[in-house]
Amino acid sequence: MATETVAKPRTSARVHVQKFGTFLSGMIMPNIGAFIAWGFITALFIPAGFFPNEELGKLVGPMITYLLPLLIGYTGGRMVYGVRGGVVGAVATMGVIVGTDIPMFIGAMILGPLTGWLMMKADKIWEGRVKPGFEMLIDNFSAGILAAIMAVVGMMVVGPVVKAFSNGASAVVEFLVINGLLPFTSIFIEPAKVLFLNNAVNHGILTPLGTQQALEQGKSILFLLEANPGPGFGILLAYSFFGKGLAKASAPGAAVIQFVGGIHEIYFPYVLMKPIMILAAIGGGMTGIFTLVVTGAGLRSPAAPGSIIAVYAATARDSYVGVTLSVLFATTVSFLIASVILKASKAPAEDDLDQATHKMEALKGKKSSVSSALIGEGVGASGVAVLTTPIKNIVFACDAGMGSSAMGASVLRNKIKAAGFPDVKVTNSAIANLSDTYDVVITHQDLTERAKPATASAVHVSVDNFMNSPRYDEIVELVKASNTDGEAAPEAAGAEVPAAAAAEAPAEAGPEAGPAGILVAESVVLSGTATTRDAAIDEAGQLLLDRGAVDSGYLDAMHEREESVSTYMGSYLAIPHGTNAAKDHIMKSAVSVIRYPNGIDWNGKEVKFVVGVAGVNNEHLQILASIAKVFTNKAQVAQLEAATTVEEVLALFGKVNS
C-alpha cells in the first residue's frame, strides 16, 4: 500500500483560534439541551407564548440567570480538572451571577475553567506532602477556600468587566442592525466555518449574546447568523446539477445530510475544491441575514446542530415566515452564484473532491466523521490511507473480543514495536464494546460493516487472515508515516530493538495469566481424530468441557461463532471460540490445542492446528500471544509439526514467553 502522509499542521494564528473556539464550544455544546429546554419553556409559558402561564413562566428567569451559567461554569472547570475542577468552577461562577444583573455566560466561560486550572495547580503544590489520614481534610478545605476566593473575585472583578464587555458587544450588534450592516458579518462567518473557526464565533460570542437578547426580546437574530443551513445547501444543490464526476455524484446525499442532519462540515470540501466558491457561501449568508433583519425574525434559543428541523424547533412564534424566507433566499442566492461559478470554470478532476476532503480534515485536525459520505472510510479504493494526526490507538475487533482479535493484536503489536513505535497502543475488543475513540480499527472482512457505525472517525482495515495478513505491514507503514516526519525510526532502519520495547503489553504479563494454568498437558492432543471443521470444533470444545472450564452451552456458541465469521487465522491455524453473548457459559479460562497431521478443510483453507479458547477477564491473553508468536515464525511452526511429545508443545509455547 502506498502510504500518503499529511504534513503536521504548523502552530499558526488559525490553529490557536481554532483550539480556542473548540475549548469554548466544549463548554456550550454539552449544555445545548438545557438552552433548548429554556427556549421551549420560554416559548410556551411567557405572556407572549403559545400557552401563557404565570406560574410555569417563573421557570424562565432562574433558568437563564442561575442554571445555564452554573452548568457552563461546571463544564468548563470539569474540562480542565475533572469533577473537582467542575465543583470549584460552579461555585466561582456564582460570584459573577450575583455580581451582575445580566445572564453571565461569558463570565462562566472565564471563571469555570480558570478556577479549575487554579485548583489543579494548587493540588500539585502539596501533592505527595500530605500525611496519611489528612488527604480528605486537605482536599475539601483547599477546594472550599479557593472556590470562596474565586467567587468573591467573580463578584467584585470579573462580573463588572464582563458586563461592560457584553454591553459593548450588544451596542456593536445594535449598531450593525440599525445601519443595515449585520449582513456583512457573513464576510467573516462563512470563511470561518470552512476553516473550522466557527466555534470561536458562534459558541464563544453569538450564543451568549443571543441568549441575553432572547431574554429581553423573546428572540434573537444572532442564533441564525452561523446556523442557517441555506448557504451550504445551495452550494450542494449547484454541484448536484452542474458538478462533474464524484463531486456531482456525492452532492445530493451530502445535501440531505447537511440540510436535514445539520452537519455543515460536509459541504466544506466542495468549497475547498474551488476556493472561489466561498463567494456563494458569503452571498447566501448575507441574503439570509438581510431577510431576517427586514422581517424582524429570530430564534428563541440556539439551533444545534444547524439542521432545518432544529432551526424550526427554535423559531420564535412570530418568526416562522421570516425564518423560512431567510433559509429559502439564502439557498437560492448561494445556488445561483455557485451555478455560475461551476458553469464558467473548467471541469474538476475526478480526485479533486478526495483531495479537498483530506485538506478539510487537515484543517480540522482529525479525520472527519462524515467524510465517508464523500470518499469512503479508511483505506480507499486507491489503497492510500490518510491520517491527519499521529496514530495512538489501534484496536482489533471481533465478535467476542477474546480470540482472533487478541492474537491479531499481539502480532501487530510486536511489528509496531519492532518498527520503533512502542507508545502506539494496540488492543483488542468485542465489536459491541467499541467506541469512537480509536485511530485505526482492524476487523475481519465479514465484520467491518458492523464495526464502522460505532467508530465512524477511524481508519478501517479489513483482513481475512489474522496471523500473517499483508495488511499488517501496510499498517506499520501508515504508523511510520503518521507518527514521524517521513523519516524511519532507528529501529526500523536496522537498529536492535530494546528488550523492553519487544516485551508484551502489561495486560498480557503476570504469573496469573501464564500458560501453567491456562494450557495444561491434558488439553494438548498431538493427533486429532476429527476430519471436518465442525468435528474439530467439537473435539477442541470437549477438551475445554472436560477441564470444567465451560458448560455445554459454550460448545454450541463455538459453532454459532464459526457460522457468522470464520476463526481461521492463517499459518494452518484456527482458534474456535464462543460468541460474545456466550461468556456466561465460561467458568474459568482455558485453552486446548489439537494437531491434525494430515490437515482438515476449514472453509477451503487447510488447518493443521486447532486451538480452542475460553477466556475470563483476559486471563488467556498471554498464551494467545505466545501462540501468535509461534505461528508467525515458520521455523517454530515446523517444530510444532515435528513435535513427538506434548511436553515439546508446552515447552515451545513456554519458551516464547521467557
Side-chain angles (χ1 to χ4, degrees), residues 39 42-43 46-50 168-193 198 201-202 205-238 258-259 262 264 267 277-340:
T42 302
I46 62 173
F50 290 98
S170 298
V172 171
V173 172
E174 186 177 357
F175 172 81
L176 293 175
V177 173
I178 293 175
N179 292 277
L181 299 177
L182 194 61
F184 289 98
T185 57
S186 291
I187 296 175
F188 305 101
I189 292 175
E190 296 303 329
K193 290 173 69 173
N198 54 315
V201 176
N202 190 32
I205 299 175
L206 297 180
T207 294
L209 291 178
T211 304
Q212 180 180 337
Q213 193 177 76
L215 177 64
E216 298 169 354
Q217 304 175 14
K219 60 187 175 183
S220 175
I221 191 176
L222 301 181
F223 290 133
L224 206 53
L225 297 192
E226 185 273 339
N228 192 331
F233 189 52
I235 290 173
L236 293 172
L237 288 180
Q258 190 267 349
F259 192 69
H264 288 205
Y267 81 84
M277 197 64 74
I278 194 65
L279 296 177
I282 292 173
M286 293 178 67
T287 303
I289 296 173
F290 178 76
T291 304
L292 292 173
V293 172
V294 171
T295 60
L299 306 186
R300 302 183 312 271
S301 59
S307 160
I308 188 63
I309 298 174
V311 168
Y312 276 130
T315 298
R317 183 177 183 180
D318 61 350
S319 298
Y320 285 101
V321 173
V323 168
T324 300
L325 292 176
S326 173
V327 175
L328 177 61
F329 291 162
T331 301
T332 302
V333 171
S334 65
F335 170 77
L336 293 175
I337 296 175
S339 298
V340 171

| said: Nearest 0.5 Å, please: how far is OG1 in Thr324 from CZ in Phe329? | reply: 10.5 Å

| In this structure, are over 12 heavy atoms from other groups packed under 6.0 Å from Tyr320 atom OH? | yes

| field | Donor-acceptor contact below 3.5 Å, side chain Gln258 vs main chain Pro229 | value | yes

| Euclidean distance, Ile289 CD1 relative to Thr185 OG1, rounded to 0.5 Å | 3.5 Å

| remark: Scanning both residues in full, the closest heavy-atom pair of Ala316 with Gly218 reads CB-O, 4.3 Å

| message | Can a donor-acceptor pair be found, under 3.5 Å and without considering hydrogens, that links the side chain of Arg300 to the backbone of Thr315? | response | yes

| query | Measuring from Ile282:CD1 to Ile337:CD1, what's the distance to the nearest 0.5 Å? | reply | 9.0 Å

| message | Would the distance check show the side chain of Ser319 and the main-chain N or O of Gly298 forming a donor-acceptor pair, the cut-off being under 3.5 Å? | response | yes

| query | For the atom pair CG (Leu225) and CD1 (Ile189), what is the distance rounded to the nearest 0.5 Å? | reply | 5.0 Å

| Value rounded to 0.5 Å, distance of CG in Asn228 from CG in Leu299 | 9.0 Å

| message | Between Val293 and Ile221, is there a side-chain heavy-atom distance shorter than 4.5 Å? | response | yes

| Inter-residue atom distance Leu292.CG - Phe290.CZ, 0.5 Å rounding | 11.0 Å

| query | Under 3.5 Å, is there a donor-acceptor pair between the side chain of Thr287 and the main chain of Ala330? | reply | no

| query | Counting distance only, does the side-chain N/O of Lys219 pair as donor-acceptor with the main-chain N or O of Asp318 below 3.5 Å? | reply | no

| request: Ignoring hydrogens and angles, tell me if any N or O in the side chain of Ser334 forms a donor-acceptor pair with the backbone of Pro231 under 3.5 Å. | output: yes

| request: Give me the one residue out of Leu328, Val327, Val333 that meets side chain to side chain contact (heavy atoms under 4.5 Å, CB included) with Thr331. | output: Val327

